[in-house]
Every structure is written in structure tokens, then in C-alpha cells.
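In what follows, a structure is listed as C-alpha cells, so that the remarks can point back to it.
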Number of protein chains: 2
Amino acid sequence: MRLTNAKSVKQGIRAVAARAGVSTASVSRALNNPGAVSPSLRARIEQAIDALGYIPHAPARILSSRRSRTLGAIVPTIDNTMFARGIASLQQYLSSVGYMLFLTTSGYDLDVELQQARNLISRGVDGLVLRGDCHHDGLRKLLADNAVPFINVGIYQPDRPYPCVGTDNEAAAHRAAAHVIELGHRRIGIVSALQRNNDRASARVAGFRRALTENGIELPAQWHVEVPYTLDDAREAARYLLSLKDRPTAVVCGNDVIAYGVLLEAERDGFSVPRDLSVIGFDDLDWSRHLRPSLTTIHVPTGETWQRAGEYLVRSLAGEQTIMHREIDFSLVVRESTAPPPNSLK
Amino acid sequence: MRLTNAKSVKQGIRAVAARAGVSTASVSRALNNPGAVSPSLRARIEQAIDALGYIPHAPARILSSRRSRTLGAIVPTIDNTMFARGIASLQQYLSSVGYMLFLTTSGYDLDVELQQARNLISRGVDGLVLRGDCHHDGLRKLLADNAVPFINVGIYQPDRPYPCVGTDNEAAAHRAAAHVIELGHRRIGIVSALQRNNDRASARVAGFRRALTENGIELPAQWHVEVPYTLDDAREAARYLLSLKDRPTAVVCGNDVIAYGVLLEAERDGFSVPRDLSVIGFDDLDWSRHLRPSLTTIHVPTGETWQRAGEYLVRSLAGEQTIMHREIDFSLVVRESTAPPPNSLK
DNA sequence: GTGTCATCTGAAAACGGTTACAAAATAGAC
DNA sequence: GTCTATTTTGTAACCGTTTTCAGATGACAC
């Protein structure tokens, strides 16, 4: 169903050109590089454009120019406050510089991530924002083969050859554990997120463990539990830890949601936080300062992190010089959920 | 920088065709409609495809076929659990049927929403998912002019000529208010979300008010407060309400976050919930059943709602018959935060 | 008035696919 | 084996832009 009556064109750049009495080249120039066209022409063209309600056709533009002004992002899930925030921030930034964002989710599955990347590349994205540096081997090859710029966000690994922006999770976790150690705790449990395919979770566990080791503290195997990112699972883990005859006086958590679960369950089981049990989180979500007791945690500036990731790619694409590894500072926020251990258990 | 040495093509469908010794048409067919090509050819083509690591170029495909298999969604913000969930669900569904999603945010600004819609249409989306039916006049015109299918999600308005899917917020809010009235409350305050450009919030307020009116209950002006979607603002509103010499015995809230704020602040100010004050929310977020006291609220199946929105568009695009107005059931979940009013204040 | 430059403008060839149409191959009926 | 109906394949036009290249225009100095 192609209309070959080439006489008049209903829409598109040709219609605009016809109405303004100029060539399509001029219209294109007026749109993409207004300075390259004389003011009089530009005015005529602009008038024609909004007389016709002309909307440029991005796919055609991409096809012809080989640039899409679109970035792709693959996150494990959007149903996680930290990612939702990061994406919101990234999206807002990109939109402010005239870029768009294709968002997809992988569900922590490396194969799916690879598939999504293929999908995004096929869509013509100019660059890719990835979560962490835990990827399918095929993904690296894919990115290299297609010369797609990318950045790993949420981690800081200055020694790797890939660009990244994020906080040093290992160091931050170390700081968290150090905090409860400084308070006098020696019986410390860990409730972490699932480490599989999640370098952020692993780095945090590594940081916790290093702090313990450095202080000559042993970690009984049953004091380290891994749980999915839900309040229910965290509560179950807490119930288990607190039911041990030999139980910790402090629990360091892989993220705030886990900490909330531990807090809630401890209270429910009749333990008073921080008197009977100290709890420390990681991320500093909104709830942390509203809870009662409020949660001591590690503050991570997610919004900034993701925005910087966007900046990195946009600048790189513009040919500017950019910093390959950018560290985002974390900070320990001490609130009410941590205190020295009870004397009897010191 | 165009390479005109038409002898051999490095990549693209023509390279695949050359390698497989067939025409580009056959390759295209093998890709889009495998049944239309003989098994032997298909095999040769598939082999050529992954020998070359060929990835189809979506923009070219869109340009040529006039279909993008992409939907656009415009939400006020992604930094809101309900929207994040909805989007996650929509995204997952679309991905399962081979569609992609362009996500943008409007920040509750109708002009921005219009702009984003223009953007998405320019990107070649096949359809649009919009939040509610509170849009810029220009948006309706834009959609009509460009014949873009769309659906309003999160509301139920069977009397309007536009497709929609969602719960009847007015009725649900009415149910919530009726619940506290049934418990014996006559002194009922409202803390709602900002109603400006938010038909969902308005509908809920309307439902609350209708329930009061129907039961001959008056609402003093100072007992209705509007607040942004944050715990802090909700707490401030609660502080204000509870500080009135003449204060309500129950507060109906426009959403769960607001209810959390009211709950937290009430407790902080020495009120016991539900003994001194009943609180009811709306949305049924995760926290609602974990809080202490747990929150009585209206359960809204967000995930299902957004998925149905996707289904509607995908089916319409496939030419199937579809239901224009679909209602998603809500339900009242009674938990611990509501109880009869104290005798002294009945 | 003429020549030189710089600046604007337009014609037309890509960009990488899809698809209408025609041609070729195959199958089935006699 | 011939003829027709059907299926498979190929040719080439087209989708709506950008961009190269060359030609037109205008400014300026002489």
C-alpha cells in the first residue's frame, strides 16, 4: 500500500520543505543546526513546521545519522527503591540534555541481561548503563564487537579496564562493621543479600568479613545468613538468628530493607533495639530515619551515582575527555539502632 | 563518510543474504515470518546470521515497516512504589510478548507530559500508556492527529470515550471512609495527596467526602489537609491535625505513605493507635502489614492493572477485539490501625 | 565591472531494512 | 507428459531522514 502519486506529500520533511518552498536539506539543517541556515529561511521553515504540526521521525533520523541520542540501561529489577531512584535520576538528567532512556530489567539473570543488551543495541542505543561488573562473557564481546560505550554503575573498581562510577561497597561495609566493633561488639552476625550474580552484595559481605578478621573476631558459620530483598525473608532470618542459644549482640545487614526486617522481628520477639541487639543497615532509605528506633546505616548517594553515569556516557559520546573510574563517597549515619552491647554479654 | 564500494557489504541484511546465497527478501522473511521460507533456506540463513553475529537494525526496520513493537509510558514519577511496581509489571509483560517500553516521567506537569508524548511519538511508539485522564488538551489532539492508540491507567471511567483500566478510586475511597464510619467514628479527618493534576487523588477525596455526606457527617475545613507524597509532609500534617483542640478520632488517608506518616507522628505525640486514633490508608504497600500496628488499607492490584494496560494495547495493535473500560477490583484489608472510637469521644 | 571568497542552498545518494510484485519452482490432477 | 494451482524466491521500490558535493548567491576589494 505505497502511494506513488509523488505529486504532493502529506507529511514528513518533504511536506515541510514543499510548504516552505525550500529543499529537504534546508529543513533538516534548520532542525539540527539552526546556525547553518539564514534567518529568513529558518523563519519560513519554522512556520511551515508548526503549521503542519510536523514531528520528525526519529527512526529515520537514527538510520540516516547513525546516532540515536538514546541510552539503554539494564537493571536487575526496578522494584527496589535504590534502582528506582537511580533510574529516576538518570532519566531526569538524560531528558535534560535531550537524550532518552531505554530501560530493561534482567532479574539478576546474566543470560537475560545479555539478551537485553542485544535488544538494546539492535534498537540503536548510543551507550549502555549496566549495574555492576558481573556480566556474561558474551556481553563484553558484544559490546566490544559493536563498539558500544558503556559504564558499570554502583561499584568502584579503579583497577579494572572498564569505566565505572559508584561507592566502594567493600570499604563502606567495612566501615559499618567497624562501627559496631568500636561500640564493643564481638559477637556479630551478618544478614546479607543474595551474593549470586550480585557483586555489590558480595563486596559488602567481603567488607564485613574483613573488619571482623582484622579485629580478630570469628564468625560462626550459622551467624551469616543470605536472604532475598524482602521484609518477610529478612524477618525470617532474624527469627532464626535470635532463636540460636548462642546468638550475636549485633547484626550488620547488607541493605536497609534487611535491617528493617531484623528490627521488626527483634522487637516482635521481645528484644529491645539497641539495648539487646544492635542493628546496622546499608543504603539509607527514607524509612531509616523515620523508624523507631531509627536505623544506623551507610548513606549512599544513589541519585548522584546514576546521574554521573549518564554524564560519563553523554560526555564520552560528545568526544569530551572523561574520568573512567569515579568514586562516590558514602557516609556512616549513626542513629538509634546501634549501642554498646549489654554488659552481661560483652 | 559513506563507503560506496558496493562490491561487498560488511554487515547488515545484505551481508547475510550474500553469505547465505539468497536475497535480502528471504532473509527478512526468515526473520519475521519463518514459516514463509523453506526449511533448507531457513537453515542456511540462520547459519549465516550467527556466523556474522548479525543483529537487525531496529530503526531501519521501524522505518520500513511502520511498526516498532514499542510502547511508550508516561508516569508522573518513578520514585513512587506504586508506579515503580506498575512499570515493572508492564515492562515484564511487554518483554514477554516481544515488545519494548520507552519510559518517561512528567513530574505531574501537564506541559511536560505533552512534550514527552511528542517525543515518544517521534520515536515511533505504537501506543502510549498514560496515567489517569488528566491531560493537556494538546495531548488529546496530538494522539488523535497521529492516530496513536493509548490507554489511561489507574482509573476507571466507563462513561468516557477513552480506554482505561484501573480501580474505581472514588468507590474504593468511599469504602475506606465507610469502614471507619461503621466502626462508629463521626469525627473524621482527611489527609490526601495533592489533587492538582492528579485525578486519582481527587477521586479518592471525592469518595471520602461522599461517604461522610451520605452519613450526615460534617467535615470542618481544617480537618482536610493535602500533602506531597513524603513521610515528612505526612507527619507534619498529622502533627497539625493532632494539635487541634478539636481533633478527629479517625483519619482517612489518600495513600499508604501518608498513613505511615500519620501513624508515626501519632505514636510520637503519645497517641495510641487505634485506641486514641484510627488510621486507614490506601494502596496496601509492603510496609502496611509489617508496621506495628499494621495498617488497615485498601488493597489495589497495581501490577495487574498495568499489565492489563499493556495487554489492551498489544491486542488492539494486533487487531483483536478488546474491552475499552476494564475495572480492577479493590478490597478493604482490615488490620490493626482501625477500631471504634474511644467512648468519651463518641 | 570583474574576480575572489565565503556562505547558503539544493539535488541526490545513502542509511538498513520490508514488501509488492513478478518470476521460478514445485505439487497435483488429468 | 502437460497444464494449472500453489508455494517459494528474487528484484527493486520505498520508508523519512541526513549529508556530501556541487552550484548559486552575495559581499567585498580592486
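Residue A:P56 is in sugar-phosphate contact alone, with no base atom involved, counting any heavy-atom pair closer than 4.0 Å across all strands shown.
In this structure, A:E304 pairs ionically with A:R308, as a charged nitrogen and a carboxylate oxygen lie closer than 4.0 Å. A salt bridge links B:R160 with B:D133; the closest basic N to acidic carboxylate O contact falls under 4.0 Å.
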Under 4.0 Å protein heavy-atom contact, by nucleotide of nucleotides 5-12 of chain D - B base, S sugar-phosphate only: ---SBBBB
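In this structure, the CG atom of A:L63 is 4 Å from the C1' atom of C:dC15, given to the nearest Å. Computed from coordinates, the A:R42 CZ to C:dT9 P distance equals 10 Å when rounded to whole Å. For the pair B:L52 CG and C:dG16 P, the computed distance is 14 Å after rounding to whole Å. The CD1-C1' distance, from A:I45 to C:dG10, rounds to 12 Å in whole Å. Rounded to whole Å, the distance from CZ on A:R61 to C1' on C:dA14 is 17 Å. The interatomic distance linking A:Y54 (OH) with D:dG16 (C1') rounds to 7 Å, in whole Å. To the nearest angstrom, C1' of D:dT18 lies 8 Å from CD1 of A:I13. What separates CZ of B:R66 from C1' of D:dG16 is a distance of 10 Å, to the nearest Å.
Looking at B:D199, B:V165, B:T305 one by one, the single match for side-chain contact (heavy atoms from CB on, under 4.5 Å) with B:I155 turns out to be B:D199.
A perpendicular orientation is assigned to the rings of B:F83 and B:W306, their planes being inclined by more than 60° (bins at 30° and 60°). Ring orientation note: the planes of B:Y162 and B:F150 are tilted relative to one another, at an angle of 30° to 60°.
Remark: B:S64 is not in phosphate contact with C:dG17, judged by side-chain N or O atoms under 4.0 Å from OP1 or OP2.
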Check against side chain to side chain donor-acceptor pair (under 3.5 Å), B:E113 and B:H135: CA-CA 8 Å; B:E113 188 190 36; B:H135 309 299; 3.0 Å; yes
